[in-house]
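Here is the structure we will look at.
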Number of protein chains: 2
Amino acid sequence: MGKHDHESLTEALRRAGQKLTPQREAVYSVLLDKRDHPTVDEVFHRTRERMPGVSLATVYNCLETFVGCGLVRQVNHEREPTRYCPNLAPHAHFRDQETGRVYDIDLPPRMLETLRRILPEEFQTEAVEISFHGKRRR
Amino acid sequence: MGKHDHESLTEALRRAGQKLTPQREAVYSVLLDKRDHPTVDEVFHRTRERMPGVSLATVYNCLETFVGCGLVRQVNHEREPTRYCPNLAPHAHFRDQETGRVYDIDLPPRMLETLRRILPEEFQTEAVEISFHGKRRR
DNA sequence: CCTAGAATTGGAATGATTCCAGATATCAAG
DNA sequence: CTTGATATCTGGAATCATTCCAATTCTAGG
């Protein structure tokens, strides 16, 4: 985890009134090191390699905290285990139904704006999720 | 359930090589009678009022069958229980985070087309989900 | 250095969903 | 209308991601 990343973690935690802990640093660095939308379980195992004592509950806690701070996004597809994504730029997700793998899809600049505009005005949107699924030709 | 609806059920089941059963008719009519995106549990209780013997497992089976036939859509938001929706027109969903209620949002004609076009070509889409969440001013 | 409040931990609890094996019902064919 | 092959239904057990809990440990401000 680079210095810059470390600072954005510290900064985001402070802004949300949360403490910096070794566990949070470890989990955050796991997310940054391999940006492949891991499940909680995957994050848990990767974190254990660096910090053998962490508990699953803590990994859940850390991830929830990060989502609350706006440091990472949750990615839910159907009923599958939740995945986590440190890509903060506006993007959609594509899930390959054959491998289960999730890909980030960049959105054109005005897309979210355009989408929001289709909502009747009594709906005040806080978040928009766009997800595709299908097959990815390799 | 009107005659027309009954026929589309029968027809869709036949097309998929499935049988028509009283339970499937009951569950389907429950979905059509109140188009409010019920959870499996809600569908289960409503169905019991008409057919006291149905089992929860059967309600799960029926709903899964309908999804397979293209008669209804699943609506997943975060980790909440799956909801079911008999609206087949292309539309997005808005979830009111205060009540948990889900609303259908009609999509302009070319919207899905436009969205599909942002995918790099190795991605072959089968389905697109668009979901908003936020507060609904009453 | 102290301490209040927050975070971590392991294990138990929850709850939606799936699985199972036996009983029953559908429908195509005769 | 009857029959048989096969799909469906049922209740209960099993699964599994996630949440909860109470006890312990840690963080950071003063």
Side-chain angles (χ1 to χ4, degrees), chain A residues 6-7 9-28 30 37-48 50-69 71-72 74-84 95 100 102, chain B residues 6-7 9-28 30 37-45 47-48 50-69 71-72 74-84 100 102:
Chain A
H6 191 280
E7 276 165 18
L9 171 61
T10 309
E11 166 57 17
L13 288 173
R14 167 178 338 285
R15 232 187 2 247
Q18 312 263 24
K19 294 179 174 168
L20 181 64
T21 68
Q23 290 86 343
R24 284 174 178 173
E25 292 186 74
V27 171
Y28 190 55
V30 161
H37 306 87
T39 60
V40 174
D41 220 58
E42 287 163 346
V43 175
F44 175 54
H45 290 300
R46 292 178 198 175
T47 307
R48 286 217 105 157
R50 314 181 177 191
M51 181 182 277
V54 262
S55 71
L56 178 59
T58 295
V59 172
Y60 271 98
N61 290 338
C62 291
L63 292 170
E64 185 188 6
T65 300
F66 297 159
V67 171
C69 295
L71 280 169
V72 308
Q74 273 185 331
V75 184
N76 289 296
H77 270 97
E78 315 275 305
R79 298 263 95 213
E80 306 220 317
T82 301
R83 292 170 179 277
Y84 290 83
R95 178 174 178 281
V102 173
Chain B
H6 191 280
E7 276 165 18
L9 171 60
T10 309
E11 166 57 16
L13 288 173
R14 166 175 342 281
R15 226 181 13 241
Q18 313 263 26
K19 295 178 175 169
L20 181 64
T21 68
Q23 290 86 342
R24 285 175 178 173
E25 292 186 74
V27 171
Y28 190 56
V30 161
H37 307 87
T39 60
V40 175
D41 220 59
E42 286 162 347
V43 175
F44 174 54
H45 290 300
T47 308
R48 287 216 104 148
R50 314 180 177 191
M51 180 182 279
V54 262
S55 72
L56 179 59
T58 295
V59 172
Y60 270 99
N61 290 339
C62 291
L63 291 171
E64 185 188 6
T65 300
F66 297 159
V67 171
C69 294
L71 279 170
V72 308
Q74 274 184 329
V75 184
N76 289 296
H77 270 97
E78 316 276 307
R79 299 262 94 214
E80 305 222 318
T82 301
R83 293 170 178 277
Y84 290 84
V102 173

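First the proteins, then the strands, lettered A, B, ... as listed; each starts at 1. Bear in mind the structure is a predicted one, so any value in this text is a computation, not a measurement.
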Enumerate the protein-to-nucleotides 9-13 of chain C contacts in which both atoms are nitrogen or oxygen and the separation is below 3.5 Å.
{"from": "dT9(C)", "atom 1": "OP1", "to": "Q23(A)", "atom 2": "NE2", "distance (Å)": "3.4"}
{"from": "dT9(C)", "atom 1": "OP2", "to": "S55(A)", "atom 2": "N", "distance (Å)": "3.2"}
{"from": "dT9(C)", "atom 1": "OP2", "to": "S55(A)", "atom 2": "OG", "distance (Å)": "3.4"}
{"from": "dT9(C)", "atom 1": "OP2", "to": "T58(A)", "atom 2": "OG1", "distance (Å)": "2.3"}

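Separating the CZ atom of R79(B) from the C1' atom of dC16(D) is a distance of 11 Å, rounded to the nearest angstrom. In this structure, Q74(B) atom CD and dA16(C) atom P are separated by 15 Å, rounded to whole Å. Distance R14(A) CZ to dA6(C) C1': 15 Å, rounded to the nearest Å. As a whole-Å value, the separation of E78(A) CD from dC16(D) C1' is 18 Å. Regarding E64(A), its CD atom lies at a distance of 9 Å from the P atom of dC20(D), rounded to whole Å.
Here the side chains of Y84(B) and Q74(B) are in contact, with some heavy-atom distance below 4.5 Å. Residues R24(B) and L63(B) fail the side-chain proximity criterion, which asks for heavy atoms closer than 4.5 Å.
OP1 or OP2 of dT17(C) has at least one side-chain nitrogen or oxygen of T82(B) nearer than 4.0 Å. In this structure, R24(B) reaches the dT8(D) phosphate: one of its side-chain N or O atoms is under 4.0 Å from OP1 or OP2.
E42(A) places a side-chain N or O within donor-acceptor distance of the main-chain N or O of T39(A), the cut-off being under 3.5 Å. Side-chain atoms of T58(A) do not come within 3.5 Å of backbone N or O of V54(A) as any donor-acceptor pair.
Taken over five-pair windows at either terminus, the axes of the helix from dC1(C)-dG30(D) to dG30(C)-dC1(D) are inclined to one another by 40° (rounded to 10 degrees).
Remark: E78(A) does not engage R95(A) in a salt bridge, criterion side-chain N to carboxylate O under 4.0 Å.
Counting any heavy atom pair closer than 4.0 Å across all strands shown, T39(A) reaches no nucleic acid atom.
A 6.0 Å sphere centred on CZ of R14(B) holds no more than 12 heavy atoms belonging to other residues, nucleotides or ligands.
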